[in-house]
Amino acid sequence: MTITTPHLGSPAGAWSDAQLLYALEEVVEKELNRHLQVAKDWMPHEYVPWSDGRNFPGLFEDGEAWEKEQSKVTEIGRIALVVNLLTEDNLPSYHHEIASLFGRDGAWGTWVHRWTAEEGRHGIVMRDYLLTSRAVDPDKLEQFRMSHMSEGFESDNRHSMLHSIAYVAFQELATRISHRNTGHQSGDPVCDRMLARIATDENLHMVFYRNLLRAAFELAPDLTMQAVRDVVVDFRMPGHGIPGFERAAAQMAIGEVYNLRIHHDDVLQPVLRFLKVMEIDGLGPEGRRAQEELGLFMGGLDAEATKFDEKLAARKARMAARAGA
């Protein structure tokens, strides 16, 4: 894909994905080195309450069938944990996507493999926790995993390396927020600590891509502004293909794990503010239009989030009234 832009620095006035990959290689190497210096290795098994575990029916005669009451995890915590884990389960597809876009050589390739290795720990520890603590029905969890992974995953932004960078800058933060809020709502301090550890990784991944996006704005501001506009307007979490995702997402919204207000205030705004996206000047016509459309969209999203806040507050009031009756 080649897009023409009049800004200084783009080869012959045009950028291709290959040219942008090459131009950003030095930034990737710098961010990779920074990441390796601050990231801390951790052992998934240290976050799992193994002493709570016992056999399920199957090969073991003493297996105990799963019952919801066996776990201290709240209902909203259970729903969010399943969504978050099934999202992590599609790691093979995510790796294929970014390896195809970024390549497997040089600093890009080193990052792709490092990121995949770190993300792999998240799925390991979450599944071990869920099964050991009996927070979910193991049979249904496996059925959901098979269904979700059998569908595979294709990113909405696979057509463009720059769109993909913009997407993951927001998506990694969204994942961090979802994990952290799930921990808070889980009702189990062990689960909260585990998800806080995962959220720390996700935040470092966000910083890597956010800083890469900042470099892209310096290289190709018009093109990057259009990519950010497109990604923000059409944003979807990677787990949207999970069986029953719409219902689960609605429950997570009501449960204040992830909703419009959180998406606007805690995901989109922090990245846009850090990059000073709405303050960038010197853009060409297409860049200015994308910037204006982004501003209008954010204003509309804020208004929608306010309506959601009001409905949620009214729901809480009704529930409190019933409880006090």
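For the numbers below, each heavy atom of this structure counts, side chains included, while hydrogens, waters and symmetry mates do not. Every value quoted in this text rests on a predicted model; they were computed, and no experiment measured them.
The two atoms that bring Asp201 and His122 nearest to each other are OD2-NE2, 2.9 Å, heavy atoms only. Residues Val125 and Pro44 come closest through the heavy atom pair CG2-O, 3.3 Å. For the pair Met225 and Phe217, the tightest heavy-atom approach, listed with the atom from each and the gap, is N-CE2, 3.7 Å. The heavy-atom pair separating Thr87 from Gly239 by the smallest distance is OG1-CA, 3.6 Å. Scanning all heavy atoms of the two residues, the minimum distance from Pro138 to Leu131 falls at CB-CD2, 3.7 Å. In this structure, Leu21 and Met161 approach most closely via the heavy-atom pair N-CE, 3.6 Å.
Using a 4.5 Å cut-off on side-chain heavy atoms (C-beta onward), Leu162 and Leu223 make contact. Counting only heavy atoms from C-beta outward, the side chains of Thr175 and Met237 approach each other to under 4.5 Å. Taking the side chain as every heavy atom from C-beta outward, His45 and Asp128 never approach each other to under 4.5 Å. Taking the side chain as every heavy atom from C-beta outward, Leu260 and Asp302 never approach each other to under 4.5 Å. Contact annotation: the side chain of Leu283 approaches that of Ile280 to within less than 4.5 Å [non-hydrogen atoms, C-beta and beyond]. In this structure the side chain of Leu141 never reaches within 4.5 angstrom of the side chain of Asp137, judged on heavy atoms. A 4.5 Å side-chain heavy-atom check between Val232 and Phe297 finds at least one atom pair inside the cut-off. In this structure, Glu172 and Leu204 have side chains that are not in contact, with every pair of non-hydrogen atoms separated by 4.5 Å or more.
Arg104 meets the salt bridge (charged side-chain N to carboxylate O under 4.0 Å, His left out) test with no other residue; sequence neighbours excluded. His35 is linked by a ring-ring contact (aromatic ring centres under 6.0 Å, His included) to Trp111, His205, counting only residues two or more places apart in sequence or in another chain.
Among the candidates His148, His96, Glu97, Glu151, the single residue satisfying the side chain to side chain donor-acceptor pair (under 3.5 Å) test with Asn90 is His148.
Checking Tyr129 against Asp188 by side-chain atom types alone, a donor-acceptor pair falls below 3.5 Å. Side-chain polar atoms of Arg261 and Thr306 form a donor-acceptor pair below 3.5 angstrom. Checking His263 against Gln269 by side-chain atom types alone, no donor-acceptor pair falls below 3.5 Å. Between the side chains of Ser160 and Asp17, no donor-acceptor pair is found at a separation under 3.5 Å. No hydrogens or angles considered: nothing links the side chains of His163 and Gln226 as a donor-acceptor pair under 3.5 Å.
Under the 4.5 Å side-chain contact rule for hydrophobic residues, Met298 and Phe170 share a cluster. The hydrophobic clustering, which links ILVMFWY residues whose side-chain heavy atoms are closer than 4.5 Å, places Met126 and Ile124 apart. Tracing side-chain contacts under 4.5 Å through hydrophobic residues (I, L, V, M, F, W, Y), one reaches Trp50 starting from Trp42; they form part of the same cluster. Under the 4.5 Å side-chain heavy-atom criterion for ILVMFWY residues, no single connected hydrophobic cluster contains both Leu301 and Leu296. Met149 and Val136 fall into different hydrophobic clusters, where Ile, Leu, Val, Met, Phe, Trp and Tyr residues are linked whenever their side-chain heavy atoms come under 4.5 Å apart, directly or through other members.
In this structure, the separation between NZ on Lys72 and OG on Ser186 is 10.0 Å, given to the nearest 0.5 Å. Atom CD of Gln185 and atom CD1 of Ile79 lie 11.5 Å apart (nearest 0.5 Å). For the atom pair CZ (Arg197) and CD (Glu202), the distance works out to 10.5 Å, reported to the nearest 0.5 Å. Here Ser178 contributes atom OG and Leu195 contributes atom CG; the two are 9.0 Å apart, rounded to the nearest 0.5 Å. Distance CG/Asn259 to CG/Asp309: 7.0 Å, rounded to 0.5 Å. With rounding to the nearest 0.5 Å, the separation of CG in Asp52 from OG in Ser133 is 7.5 Å.
In the displayed structure, Arg315 atom CZ is contacted under 6.0 Å by at most 12 heavy atoms of other residues, nucleotides or ligands. Environment of CE in Met146: sparse, with no more than 12 heavy atoms of neighbouring residues, nucleotides or ligands closer than 6.0 Å. Dense packing is recorded around CD of Glu64, with more than 12 heavy atoms of other residues, nucleotides or ligands lying under 6.0 Å away. When the shell of 6.0 Å around CG of Asp105 is examined, it contains 12 or fewer heavy atoms from other residues, nucleotides or ligands.
Of the charged side-chain nitrogens involved, at least one lies within less than 4.0 Å of a carboxylate oxygen, so that Glu75 and Arg78 count as a salt-bridged pair. Between Arg180 and Asp192 there is a salt bridge, since a side-chain N of the basic residue sits under 4.0 Å from a carboxylate O of the acidic one. Look at Glu292 and Arg289 and you find no salt bridge, because none of the NZ, NE, NH1 or NH2 atoms lies under 4.0 Å from a carboxylate O. Using a 4.0 Å cut-off between charged nitrogen and carboxylate oxygen, Glu31 and Arg34 count as a salt-bridge pair. Between Arg114 and Glu118 there is a salt bridge, with a side-chain nitrogen of the basic residue lying less than 4.0 Å from a carboxylate oxygen of the acidic one.
Aromatic pair Phe208/Trp115: centroids not less than 6.0 angstrom apart.
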Atom pairs and distances, donor-acceptor, side-chain atoms in residues 248-257, under 3.5 Å, two or more places apart:
residue, atom, partner, partner atom, Å
Glu256, OE2, Lys316, NZ, 2.7

**Request:** With side chain to side chain contact (heavy atoms under 4.5 Å, CB included) as the test, would you mind laying out the steps for Arg134 and Phe56 before giving the verdict?
**Result:** CA-CA 10 Å; Arg134 291 186 168 243; Phe56 288 104; 3.5 Å; yes
**Asked** Do Phe235 and Tyr167 pass the ring-ring contact (aromatic ring centres under 6.0 Å, His included) test, and can you show the C-alpha distance, the side-chain angles, and the key distance before you say yes or no?
**Response** CA-CA 8 Å; Phe235 185 88; Tyr167 174 73; 5.3 Å; yes
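A cation-pi geometry, defined here as NZ or CZ lying under 6.0 Å from the six-membered ring centre and within 45° of its normal, does not hold between Arg236 and Phe245. Both tests hold for Arg210 against Phe274: distance to the six-membered ring centre under 6.0 Å, angle to the ring axis within 45°.
Under the 3.5 Å distance criterion, the side-chain polar atoms of Asp222 are matched with a main-chain donor or acceptor of Gly287.
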